[in-house]
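Values reported hereafter were calculated over all heavy atoms of this structure, with side chains retained and with hydrogens, waters and symmetry mates removed. Numbering of ligands and ligand atoms starts at 1, following listing order.
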Amino acid sequence: MAGSVLVTGGAGYIGSHACLALIEAGHPVVVLDNLCNSSPESLQRVGQLCGEEPLLVRGDIRDRACLDRIFAEHDIVAVMHFAGLKAVGESVEIPLEYYDNNVTGSLTLLAAMQAAGVNNLVFSSSATVYGDPATVPISEDFPLAPASPYGRTKMMVEQILTDWQCADGARNVALLRYFNPVGAHPSGRIGEDPRGMPNNLMPFVAQVAVGKRDRLFVFGDDYPTADGTGVRDYIHVMDLVEGHVLALQDIIAGPGLRVINLGTGRGVSVLDMVRAFEAASGRQIPYEVVQRRAGDIAACWADPGRAAQLLAWRASRSLEQMCIDSWRWQSDNPRGYG
Ligand code: NAD
Ligand code: WQD
């Protein structure tokens, strides 16, 4: 594939790992990121790891002039669109910022792509679009019922992209629904660097292990699951980004719209995660069971069959590997990118 991939949100957690995977697969990248939730240090480290630092354009996906300049100055053949806000609780408090950033931002990006004649897009969607599923595992044809403004932004952008692809058969779109991405690059040089109190389980556990927080609060142990704690499908970020590279190559090879779950197909409870992280880190993870978190569901995991069929992709890294790599990142970089 000649030309570069524009990676929006490429300085962030998943985006930085995707940049590395793209470059290693021979696809040059240009990053557009406003750094509202990331550091340019992540891209410098990507450069150290693969010998080619991604070009960073500091700008906003809602800035049409900035997008037009990127498409005019670079030979962009495809876009991987990670940029957006992602905190479920915050989206309930400031919904307009979420709709503006995630929906208006995606519309602006699409209009600029259309004007530049760029037809290939891989979009970061989320299993949050399914809401509380009637059964598990979850396959792509399950009804969509997101329970938060954040989840609704993802569903809306999926609908917009579906209509955009349908309007012109030359357009190619992959909607990738991630389950729970965790872990870090095995070098320990890039990883997840949440600002303030982590919202998600794995970074919270990692911060307890490194001594930054004194204990984990387990949000409920009275769910109808084997040990009573919430069950999720944690997927190693390296598996996730390998799925992205395959999805990109797939849409470039053949036109159309693909909707694909990216998960392992395995459910892991909060207490399973605590035990696995203790084993990986050699540290104790003290925890206290508290009330359920509003909006949480009991159990959620993927049917990853379509990804296997369409992309010949399967997540291969174990829970142990996720914890080992997360711990290496956390212990080597106790203050993240600093
Ligand atoms: P992240 O916050 O680390 O990365 C997002 C990046 O986008 C950041 O670098 C941020 O600075 C940038 N950004 C945000 N708004 C922007 C804007 N308007 N213009 C330019 N840049 C902007 O998050 P992440 O975990 O890497 O998530 C990446 C994508 O994957 C997001 O769209 C998220 O909704 C989606 N996703 C994440 C998860 C998860 O658990 N991490 C799960 C499902 C889906
Ligand atoms: C996992 C489990 C919690 C923190 C969220 C978003 C989803 C997607 C991934 C973006 C649950 C429990 C957590 C803690 C705990 N992101 N927990 N103590 O809620 O499955 O998904 O991130 O698209 O949209 O909703 O992930 O990591 O927050 O929680 O007990 O301090 O850990 O109750 O059972 P979740 P999570």
Side-chain angles (χ1 to χ4, degrees), residues 7-18 31-40 42-43 56-63 66-67 80-89 91 97-98 100-102 104-106 108-109 123-131 146-148 150-151 153-154 157 176-182 191-195 197-205 207-208 213 215-221 223 225 229-235 237 240-241 244 262-263 268-274 287-301:
V7 183
T8 75
Y13 168 44
I14 302 168
S16 55
H17 290 77
V31 169
L32 172 62
D33 200 304
N34 65 7
L35 304 180
C36 71
N37 196 38
S38 54
S39 159
S42 63
L43 295 176
L56 168 64
V57 178
R58 291 183 193 212
D60 199 292
I61 53 167
R62 292 163 295 183
D63 179 348
C66 174
L67 287 162
M80 265 192 200
H81 179 27
F82 296 97
L85 302 178
K86 63 163 182 176
V88 173
S91 79
E97 276 85 342
Y98 273 69
D100 185 42
N101 213 307
N102 295 3
T104 309
S106 298
T108 310
L109 172 66
F123 175 59
S124 295
S125 190
S126 168
T128 200
V129 297
Y130 298 115
S148 69
Y150 165 68
T153 68
K154 290 293 175 192
V157 175
L176 302 183
R177 295 178 178 158
Y178 319 158
F179 281 68
N180 290 61
V182 296
E192 185 171 12
D193 183 18
R195 295 191 172 166
M197 176 91 87
N199 294 309
N200 296 115
L201 178 65
M202 172 80 98
F204 203 111
V205 167
Q207 291 193 2
V208 174
R213 303 190 184 274
R215 62 193 183 285
L216 168 72
F217 298 102
V218 174
F219 299 143
D221 66 354
Y223 284 103
T225 59
T229 66
V231 168
R232 299 289 184 276
D233 185 340
Y234 299 95
I235 171 171
V237 67
L240 188 81
V241 298
H244 282 65
L262 293 180
V268 168
S269 76
V270 176
L271 297 182
D272 291 335
M273 176 66 86
V274 167
Y287 68 84
E288 179 186 337
V289 177
V290 296
Q291 281 198 328
R292 290 181 179 192
R293 183 173 64 180
D296 266 356
I297 59 177
C300 164
W301 66 87

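- Nearest to atom 17 (N) of ligand 2 among the protein's heavy atoms is Phe219 CD1, 3.6 Å.
- Contact annotation for Leu35 and ligand 1: only backbone heavy atoms (N, CA, C, O) come within less than 4.0 Å of the ligand.
- Using a 4.5 Å heavy-atom threshold, the side chains of Lys154 and Arg177 count as separate.
- The proximity of Arg62 to ligand 1, defined as any non-hydrogen pair under 4.0 Å, is limited to the side chain.
- At a 3.5 angstrom cut-off on N or O pairs, Leu201 counts as close to ligand 2.
- The closest donor-acceptor contact from the side chain of Lys86 to the backbone of Tyr150 lies at 3.5 Å or more, if one exists at all.
- Looking at heavy atoms from C-beta onward, Asn200 lies out of side-chain contact with Asn180 at the 4.5 angstrom threshold.
- Nearest protein heavy-atom contact of atom 37 (C) of ligand 1 is Ile14 CD1, 3.8 Å.
- Annotation for ligand 2: atoms under 4.0 Å from non-hydrogen atoms of Phe217 are 14 (C), 15 (C), 18 (N), 30 (O), 31 (O).
- For ligand 2, the atoms sitting less than 4.0 Å from at least one non-hydrogen atom of Asp296 are 3 (C), 19 (O), 33 (O), numbered in the order shown with element in parentheses.
- Per-residue contacts place Asn199 under 4.0 angstrom from the following atoms of ligand 2 (heavy atoms of the residue considered): 4 (C), 28 (O).
- The shortest distance between side-chain heavy atoms of Tyr287 and Val270 does not fall below 4.5 Å.
- Within 6.0 Å of CZ in Arg58 there are 12 or fewer heavy atoms belonging to other residues, nucleotides or ligands.
- Within the 4.0 Å heavy-atom cutoff, Lys154 counts among the residues contacting ligand 1.
- Looking at Asn37 against ligand 1, both its backbone and its side chain come within 4.0 Å, counting heavy atoms.
- The shortest separation from a heavy atom of Asn180 to ligand 1 is not under 4.0 Å, leaving the residue out of contact.
- Ring geometry for Phe204 versus Phe217: interplanar angle over 60°, hence perpendicular rather than tilted (30 to 60°).
- Ligand 2 has Tyr150 within reach: a non-hydrogen atom of the residue lies less than 4.0 Å from it.
- Every atom of ligand 2 is numbered from 1 in the order shown, and the set under 4.0 Å from a heavy atom of Ser126 is 10 (C), 23 (O), 24 (O).
- Proximity to Val218 (heavy-atom distance under 4.0 Å) selects the following atoms of ligand 2: 30 (O).
- Under the 4.5 Å side-chain criterion, counting only non-hydrogen atoms from C-beta, Cys36 is in contact with Leu85.
- Residues Phe82 and His17 place their aromatic rings such that the two centres sit no closer than 6.0 Å.
- Counting non-hydrogen atoms of neighbouring residues, nucleotides and ligands closer than 6.0 angstrom, the CD atom of Glu288 exceeds 12 such neighbours.
- Those atoms of ligand 1 with a heavy atom of Cys36 less than 4.0 angstrom away are 10 (C), 11 (O), 13 (N), 14 (C), 15 (N).
- Heavy atoms of Gly59 approach ligand 1 to within less than 4.0 angstrom.
- The N/O atoms of Leu216, backbone and side chain alike, include none that comes under 3.5 Å of an N/O atom in ligand 2.
- In terms of protein heavy atoms, atom 18 (N) of ligand 1 is closest to Asn101 OD1, 2.8 Å.
- Only the backbone of Ser125 comes within 4.0 Å of ligand 1, judged by heavy-atom distances.
- Without hydrogens or angle criteria, Tyr13 side chain to Val182 main chain gives a donor-acceptor distance under 3.5 Å.
- Within the 4.0 Å heavy-atom criterion, neither part of Glu192 lies near ligand 1.
- Heavy-atom separations between Asp33 and ligand 1 include at least one value shorter than 4.0 Å.
- Around atom 22 (O) of ligand 2, the closest heavy atom drawn from Val205, Val88, Val129, Asn200 belongs to Asn200.
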